[in-house]
Structure formats: structure tokens, C-alpha cells
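Encoded as C-alpha cells, the structure appears first; notes follow it.
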Amino acid sequence: MDIIFLNNLKFDIIIGIFDWERENKQSIILDIEMASDITLAAKYDDIQHALDYKAVYDRIKGFVENSQCYLVETLVTD
């Protein structure tokens, strides 16, 4: 497995335990490391075998922006 890095992903979300945190979105920045087998993409130099970064980003964005966790610990372990 190879490691793919997605750095500095910025999202505005509802997170926190205080009333003002529940009423106002806050910006968070995520750095994500994920395992992916890039063997076929590298071997054939073909986009059909590559990881779809936009799909990964869109899925992370949808999850993070729709969550309303109280704790960062909960957000990163869900």
C-alpha cells in the first residue's frame, strides 16, 4: 500500500460544547493520510486506475460539514 496525503482541507462546521459554538460555524483544517494501492495507475499511466481525489474530497466534505459533533475527537473517529 502507498500513502496518499490530502493536506490543508478547510471546512466550516458546527463543532463545540458551548452555546456560541453551536450557533456559529468554525473553520477547521484537516490533513488526511490514506492508504491506496496505486500500482495499476503507475504501471499503466491511466486515469481509470487512479484514485479519484475529487470523489474522496467530496465525501469528506459531505461528512464533515453535515456532522454536528460536540468534540473534535468524535469527528475524527466517526
Q.
Give me each pair satisfying salt bridge (Lys or Arg N to Asp or Glu O under 4.0 Å) with a member in residues 8-18, each pair once, sequence neighbours excluded.
A. none

Q. Do any N or O atoms from the side chain of Glu65 and from the backbone of Phe11 form a donor-acceptor pair under 3.5 angstrom?
A. no

**Q.** Reported CD1-to-CG distance for the pair Ile29 and Asn8, which is rounded to 0.5 angstrom
**A.** 6.0 Å

Q) So, for Arg22 and Gln68, which heavy atoms are closest and what is the spacing to 0.1 Å? A) NH2-O, 2.7 Å

Q. Would Leu9 and Val64 count as a side-chain contact (heavy atoms from CB on, under 4.5 Å) if you check the C-alpha gap in whole Å, the side-chain angles of each, and the deciding distance to 0.1 Å?
A. CA-CA 11 Å; Leu9 303 179; Val64 171; over 6 Å; no

Q.
For Gln48, I'd like to know if atom CD has over 12 heavy atoms of other residues, nucleotides or ligands within 6.0 Å.
A. no

(Q) Between Trp20 and Leu71, is there shared hydrophobic-cluster membership here, with clusters defined by ILVMFWY side-chain heavy atoms closer than 4.5 Å? (A) yes

Q: Would you list the pairs meeting side chain to side chain donor-acceptor pair (under 3.5 Å) in which at least one residue belongs to residues 36-46, sequence neighbours left out?
A: Asp37-Thr39

Q. Do Tyr53 and Leu30 share a hydrophobic cluster (ILVMFWY, side-chain heavy atoms under 4.5 Å, transitive)?
A. yes

(Q) Tell me if the OH atom of Tyr70 is crowded by more than 12 foreign heavy atoms within 6.0 Å. (A) no

Q. Should Leu51 and Ile38 be marked as a side-chain contact (heavy atoms from CB on, under 4.5 Å) after you check the CA-CA gap, both sets of side-chain angles, and the distance that decides it?
A. CA-CA 8 Å; Leu51 182 65; Ile38 64 169; 5.8 Å; no

Q.
Between Lys25 and Ile14, is the side-chain contact (heavy atoms from CB on, under 4.5 Å) condition met? List the steps.
A. CA-CA 5 Å; Lys25 290 187 176 185; Ile14 297 291; 3.8 Å; yes

Q) Checking side-chain contact (heavy atoms from CB on, under 4.5 Å) for the pair Val56/Ile4: CA distance, chi angles, key distance, verdict? A) CA-CA 11 Å; Val56 171; Ile4 303 294; over 6 Å; no

Q) When rounded to the nearest 0.5 angstrom, what is the spacing between CD in Gln26 and CD1 in Ile13? A) 7.5 Å

Q. Is the number of heavy atoms from other residues, nucleotides or ligands within 6.0 Å of CZ (Arg59) greater than 12?
A. no

Q: Using the test side chain to side chain donor-acceptor pair (under 3.5 Å), find all partners of Lys54 that sit at least two apart in sequence or belong to another chain.
A: Asp58

Q: Using a 4.5 Å cut-off on heavy atoms from C-beta on, say whether the side chain of Val72 contacts that of Ile28.
A: no

(Q) Is it true that, when you exclude Phe18 itself, more than 12 heavy atoms of the residues, nucleotides or ligands shown sit nearer than 6.0 Å to its CZ? (A) no

Q: Assess whether atom CG of Asp19 is packed by more than 12 heavy atoms of other residues, nucleotides or ligands within 6.0 Å.
A: no

Q. To the nearest 0.5 Å, how far apart are CD1 in Ile60 and CD1 in Ile32?
A. 3.5 Å

